[in-house]
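Please read all numbers here as calculations on a predicted model, not as lab measurements. Just so you know, residue 1 is the first one in the sequence shown, and it goes up from there.
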Amino acid sequence: MNFLDFLWLLLLLLLGMALLLAKQKTSSPSSPSLSRSSSKQKAIAKNEMPLEREIELSAIQNSLIQSLEISPTESRKLPMQDSSFAPDKTESVSQELAKDAAVSLGAIAATDSTTDQRPAFSIKAFKQQFFHSLSLLQKDLPESGSAQIYAIALISMFRSCFLKFQHPETLLGQSKARTVAELTANIVMPPLLEISLMNLDVLDRTSHELGLDLEALFRREESQIQDETGLSSLITDYLEALAASEVPAIGYGICTPSSEISDAWQIEHSEAIVKVGFGGNTQLRGGEQGYRTRWLPSEQIEVVPYDVFIPGYRSNGISILRQWKVNLPVERVKTLESNEENSLKQHFILASSSVQDIIRLHLAFGAAIETLHERFILHLNDATSALAIVELMRLLLDEYALEWQQAWRTTQTIFSCTVHHLELTLNNHWSIATLGRLLPRHLELIYEINRRFLAEVEAKHQNDIDRIRRMSLISETEARSLRTAHLICVSSHTVNSISTVQTRLLQHALVDFEQHDCIKFKTAVNGISSRRYLLRSNTRLANLLTQRIGETWITSPQAFDRLEALSSDNQFCSNWWQVKRDNKQAFASEIYQQTGFVINLNSLFDVQAAPIHENQRQLLNLLHIITLYARLKINSNTDTIQRFTHRSVPRTCIFSEQVVSDRPIAQFINRLIQSIATIINDDADVQGRLQVIVLNEKQNYLRPLLYAVADLSEQIPLATQADFSLNALRFSLNGASTIATQTPNNLQLQQTIGAKSVFLFGLTASDAEQLSLKSHDPRHYYSSDPELRQAIDLIASGYFSYKDSSVFSSLIDWLLSDDPNLILADYRSYIDCQERVSKLYQDQKTWTRNAISTTAHMHPLCADRAISKYQDSLLT
């Protein structure tokens with residue numbers, strides 16, 4: 001072979017090697033779209049992927065069904081990918097992942113604790129499982145991905161990992177502590193992707209190793225979450241805190257339509273399907289144990305549970321969120337949507353399914369039915385769930401043949417209740433006629449419970465007929481009904497109220513029951529997750545707190561107490577102020593990128609984050625904004641402005657929720673907010689001094705940032721209204737002050753964190769009740785207050801509707817002729833209170849110290865503290 005031939009052979013060899021390497025590169029499981037050095041990944045990290053390129057979940061599922069040849073019945077379990085569904089080429093990946101997994105969440109979470117037996121974090125298995133999930137989702141799909149696909153891939157990976165651990169039901173059985181079962185009708189899914197990554201301590205490593213823009217994924221998940229202001233969010237916060245404390249817990253709710261990302265977490269638990277009966281009749285049957293009544297329902301509905309697992313923060317604990325789903329024909333749902341019969345059915349399905357489930361779990365653990373109360377506590381969070389009490393009695397008596405006294409003692413030991421809405425609880429009744437038609441056996445048991453209870457009352461309070469009538473479970477009016485509040489008092493070992501004020505009102509309303517010594521009402525204030533609403537929502541502040549007081553506050557909120565001493569530390573106050581400034585800058589940058597609107601960072605950020613509804617009284621806030629606007633339009637040299645220099649404090653007023661009601665008034669309020677924002681923001685005379693920001697649905701992901709940027713939180717429903725919102729606590733946790741009416745929740749907040757940060761105004765509950773009974777005249781306030789009259793006249797004249805006075809005429813007529821929410825009656829007190837806020841805000845040093853003190857006093861209102869109360873009272 002000559003030298004030239006040798007060169008040709010060498011060239012061909014090099015060319016072949018190059019082709020082979022290129023082929024291997026294109027077939028690598030590490031998708032080019034995820035390469036940390038690729039231009040596509042840089043675009044994804046910047047969240048620049050066009051929305052029209054995103055793939056719908058249904059399309060993803062169809063691709064998975066085709067590629068994996070899954071039957072239609074199995075497809076509803078997707079997009080979770082078990083190793084049993086994986087193609088052969090990925091078998092080694094699944095086997096290696098399974099090898100790394102263990103009977104603990106530590107298979108994907110690390111810890112430095114020497115007492116923790118969890119294995120070390122396996123980044124190799126973590127990455128392999130993610131790319132395995134991603135490859136399945138991207139099969140037959142465009143090469144470019146989207147935040148939606150990456151989020152689903154991570155969720156799929158977590159679901160697969162959770163299923164490889166010891167099932168949480170088994171962990172419930174292994175625990176020696178009583179299991180907490182929370183019963184709540186509607187539970188909104190929290191942002192579990194973010195919670196799981198944070199709690200399993202893999203947040204930073206996931207971002208680093210996978211090269212993903214996790215914040216973009218979190219935004220996508222947050223934007224799809226529905227209203228989370230109330231009870232539904234409280235339960236998920238508690239389930240997470242219970243898992244962090246390794247207290248066994250399971251939450252029960254009804255499946256509601258949610259987002260694609262939320263649905264991706266759910267795992268059908270076919271082994272726990274139950275049947276719930278309605279109608280029919282009862283029969284008395286004899287047997288070896290004597291005569292027993294049996295219920296023969298005429299209708300049986302199959303109810304399917306879907307599970308979501310919530311891991312605890314750096315712990316081995318994991319809670320189950322179990323939601324029951326009923327597949328009813330659409331036509332039937334529409335026809336029964338608004339009547340009592342359908343409502344009763346929905347609540348009984350939740351009650352019966354949940355009670356059946358805890359019995360199933362208890363028996364599966366190998367325990368006897370007589371010891372059910374030793375393992376479970378069933379906590380009711382809604383008076384409408386009280387039928388669970390009667391259902392448990394029916395099952396213990398009819399199905400498990402317990403004697404009455406034993407069944408009743410078990411029931412009273414298992415059930416506890418928290419009254420979140422006082423008025424709703426006291427006024428919740430179920431029609432006896434409807435109960436008799438749908439639940440004949442349960443009505444028999446209600447009569448028997450009532451007969452035995454009233455016999456005790458009569459024996460203790462002889463000849464007190466009025467007391468017996470007041471305490472009866474049955475309201476003997478023209479439309480006879482079951483008083484669910486009375487049933488709860490008779491059947492529960494503990495009834496909690498969420499504030500000291502509400503506890504006194506509850507004691508007054510149900511004084512007969514306390515005097516009879518059948519129940520003692522306690523105060524158990526609600527708590528929110530400091531991990532979710534500070535550690536993740538406000539990372540800058542969280543880092544500052546950790547630097548100065550250590551990280552113990554993350555799991556032990558009592559550590560917030562250490563902040564009080566730091567409120568007089570000038571350097572810490574300066575750092576706190578800078579954190580707030582940086583958060584405002586981040587928020588303002590987001591608004592500018594989307595709208596081109598520039599927010600004044602020196603302004604007071606005034607936030608009302610509540611569903612737009614007449615009961616939330618956004619109109620009161622709007623009247624204040626118009627009043628400020630009118631003042632600013634006056635010549636700055638006039639005496640009026642000189643006398644009220646603090647009125648010149650710049651304000652950025654933010655509304656963050658969309659209208660959630662189809663009521664015409666709510667629609668008008670929503671339109672008025674938009675109109676006022678347009679006029680004020682375009683007016684050069686007030687530019688930078690008064691601004692109105694309205695977040696739309698696509699900006700829902702900014703909601704958590706509002707807790708970090710707010711200087712003032714608006715909590716302004718009428719004092720008599722059933723207000724249950726956790727937003728006030730979330731804002732206060734991040735140091736915001738609160739302007740508030742005198743509802744029980746707001747009074748409890750002021751009592752906890754102090755009057756310096758909670759500005760109360762307006763009518764008391766008793767004053768509001770008396771004023772409503774007198775048929776007050778709203779026009780009296782309109783006529784006697786020049787600034788109020790000016791604000792209303794500006795709306796009525798068409799000033800905010802391009803001179804069309806007819807646009808808001810119906811709203812003005814409603815306000816001046818009816819005003820059931822007493823907005824005009826509270827106007828002057830609200831304006832004066834806002835002036836106190838503005839005056840204090842001028843002194844930034846004092847304002848910052850108050851903000852630090854607010855956070856310092858928030859530990860009694862954190863979920864971890866509430867859970868410690870659980871352990872002290874309910875679980876011992």
Salt bridge (charged side-chain N to carboxylate O under 4.0 Å, His left out) partners for Asp826, two or more places apart: Arg617

With Arg651 via salt bridge (charged side-chain N to carboxylate O under 4.0 Å, His left out) - residues at least two apart: Asp606

With sequence neighbours excluded, residues passing side-chain contact (heavy atoms from CB on, under 4.5 Å) with Arg562: Ile549, Thr552, Ala559

Salt bridge (charged side-chain N to carboxylate O under 4.0 Å, His left out) partners for Asp683, two or more places apart: Lys633

Set of residues satisfying side-chain hydrogen bond (donor to acceptor under 3.5 Å, both in side chains) with respect to Asp382, sequence neighbours excluded: Thr384

Note: Arg836-Asp832 ion pair, threshold 4.0 Å (strictly below): no

side-chain hydrogen bond (donor to acceptor under 3.5 Å, both in side chains) partners of Gln618, counting only residues at least two apart: none

Gln691 side-chain N/O to Asn600 backbone N/O, donor-acceptor pair under 3.5 Å: yes

Reported CZ-to-CD1 distance for the pair Phe597 and Ile599, which is rounded to 0.5 angstrom: 6.5 Å

Any pair counted as salt bridge (Lys or Arg N to Asp or Glu O under 4.0 Å), so long as it reaches residues 734-755, sequence neighbours left out: none

Which residues share a ring-ring contact (aromatic ring centres under 6.0 Å, His included) with Phe761, sequence neighbours left out: Tyr830

Those residues that, when tested against Gln547, pass side-chain hydrogen bond (donor to acceptor under 3.5 Å, both in side chains) (two or more places apart): none

Under the salt bridge (charged side-chain N to carboxylate O under 4.0 Å, His left out) test, residues paired with Glu215 that sit two or more places apart: Arg536

Under the side-chain hydrogen bond (donor to acceptor under 3.5 Å, both in side chains) test, residues paired with Gln585 that sit two or more places apart: Ser589

side-chain contact (heavy atoms from CB on, under 4.5 Å) against Thr184, all qualifying residues, sequence neighbours excluded: Ile187, Leu231, Ile235, Asn381

